Amino acid sequence: MRRYGPALLLMLVGAAILRISAFSTLYLRYVQAGLRPYLIVSGAALVLLGAAMAVVRRSARDDEDGGEHDPGHGHGHGPRVAWLLTLPALALLLFPPPALGSYSAEREAAQRAARAVGTFPALPAGDPVEIAVGEFASRAVYDSGRSLKGRTVRMTGFVTHGDDGSWYVTRLLVSCCAADATTSKVEVRGEDASPADSWVTVTGTWHPEGKLGTDSAWPPVLDATAVKQAKQPADPYEKR
């Protein structure tokens, strides 16, 4: 069995990649949608490479069985600990890790990249206006035109809790994959908190606090008029 170990490992990894990319949308927990074709090609290539390796090794074994074999020369199969590499492949195949949640969001450094205060485009007409958590936060903290003033907004995210009893509707923003995720959150007031990591849709109005472009304006605040339970979207991340 050890003879086919490397081939089996390649096929397991390839099958795991195909499972989350070709046969489901689980890959969106880890990378952006645009990377799906590359994942599918990579997974298929690994499966084919593993199968080809198994065929070659089987052919070599048949040749050995058909000819003279010197029992004094063994074949190096590598350390047995290498079989442990199958565990993460099996885990990804059978139990894909969940998307990042409140644990990651709460441990992000409080420092945020400095941005210049400026005027944002007007929001679409009609209330409530659907808005991403990241966009709401940017407008609340940096928009000198105060485009959120007097508007009713609706946003969806997962719940995180503060040490002082406050709670937030939160989204993780990614540029490429989960490894570069940063947190955007909005403090919700006026409604009871839901359990951490549960998904909610919050409707309300902006509550201005602090001076634009300063730490005193972060995190932005929403006076909620309604909070409803929501289903986690297939793509849990917002794009930066």
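On a predicted model such as this, the values are computed, not experimentally measured, just so you know.
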Hydrophobic cluster membership, with links at side-chain heavy-atom distances under 4.5 Å among I/L/V/M/F/W/Y: are V188 and I131 in one?
yes
Heavy-atom check, side chain of F136 versus side chain of L222, under 4.5 Å
yes
What one should report as the nearest heavy-atom pair of A7 and G50 is CB-O, 3.2 Å
A137 and W218 have their tightest heavy-atom pair at CB-CZ3, 3.8 Å
The remaining residues in the hydrophobic cluster of V41, counting side-chain heavy-atom contacts under 4.5 Å among Ile, Leu, Val, Met, Phe, Trp and Tyr, are none
Exercise. Show your reasoning for whether side-chain contact (heavy atoms from CB on, under 4.5 Å) applies to R154 and D127.
Key: CA-CA 9 Å; R154 182 164 55 208; D127 285 337; over 6 Å; no
dist R151:CZ -> L148:CG (nearest 0.5 Å) comes out at 9.0 Å
Run F158 and L172 through side-chain contact (heavy atoms from CB on, under 4.5 Å) and show every step you take. CA-CA 9 Å; F158 61 89; L172 291 167; 4.1 Å; yes
Interatomic distance, CH2@W167 vs CD@E191, rounded to 0.5 Å, equals 7.5 Å
Please determine whether residues L26 and L35 belong to a single hydrophobic cluster, defined as Ile, Leu, Val, Met, Phe, Trp and Tyr linked transitively by side-chain heavy-atom distances below 4.5 Å. yes
Those residues at least two apart in sequence (or on a different chain) that pass side-chain hydrogen bond (donor to acceptor under 3.5 Å, both in side chains) with S166 are D164, Y168
Taking S24 for its side chain and R19 for its backbone only, find out whether a donor-acceptor pair lies under 3.5 Å. yes
- Query: Do Y38 and L46 share a hydrophobic cluster, counting only Ile, Leu, Val, Met, Phe, Trp and Tyr and linking them when any side-chain heavy atoms are less than 4.5 Å apart?
  - Reply: yes
With distance as the sole test, does W206 use its side chain to make a donor-acceptor pair with the main-chain N or O of T152 at under 3.5 Å? no
The reported gap from CD1 in I20 to CZ in R36 (rounded to nearest 0.5 angstrom) is 10.5 Å
(request) Find out whether W199 and P233 are in side-chain contact, i.e. whether some heavy atom of one side chain is under 4.5 Å from a heavy atom of the other. (result) yes
Distance col, row I17:CD1 vs L12:CG, nearest 0.5 angstrom, shows 11.0 Å
| said: Closer than 3.5 angstrom, by distance alone: can the side chain of E238 be matched with the main-chain N or O of A132 as a donor-acceptor pair? | reply: no
The side chain to side chain donor-acceptor pair (under 3.5 Å) partner of S194 among Q229, K228, H161 is Q229
Residue pair P220 / V141, side-chain heavy-atom distance below 4.5 Å
yes
In terms of heavy-atom contacts, A230 and T201 come closest through CB-OG1, 3.6 Å
To the nearest 0.5 Å, atom OG1 of T214 lies from atom CG of L212 at 7.5 Å
Between K239 and D235, does at least one N-O distance fall below 4.0 Å, as a salt bridge requires? yes
TODO: Applying side-chain contact (heavy atoms from CB on, under 4.5 Å), run through R139 and V153 and close with a yes or a no.
DONE: CA-CA 12 Å; R139 288 176 179 269; V153 298; over 6 Å; no
Could you state whether V200 and V129 fall into the same hydrophobic cluster, counting links through intermediate Ile, Leu, Val, Met, Phe, Trp or Tyr residues with side-chain heavy atoms under 4.5 angstrom apart? yes
- [ ] For the residue pair T170 and T160, confirm or rule out a side-chain donor-acceptor distance under 3.5 Å.
- [x] yes
Problem set entry | No-hydrogen, no-angle side-chain donor-acceptor test under 3.5 Å, R171 and S184 | no
* To do: Verify whether one side chain among T225 and T203 offers a donor that lies under 3.5 Å from an acceptor in the other.
  => no
*asked:* Can you tell whether the side chains of E187 and R189 come within less than 4.0 Å, N to carboxylate O?
replied: yes
When rounded to the nearest 0.5 Å, the distance separating OG of S216 from NZ of K211 is 8.5 Å
Q. V169 and V227: same hydrophobic cluster, using ILVMFWY side-chain contacts below 4.5 Å?
A. yes
Residue set satisfying side-chain contact (heavy atoms from CB on, under 4.5 Å) with A22, at least two apart, ordered chain then number -> L18, I40
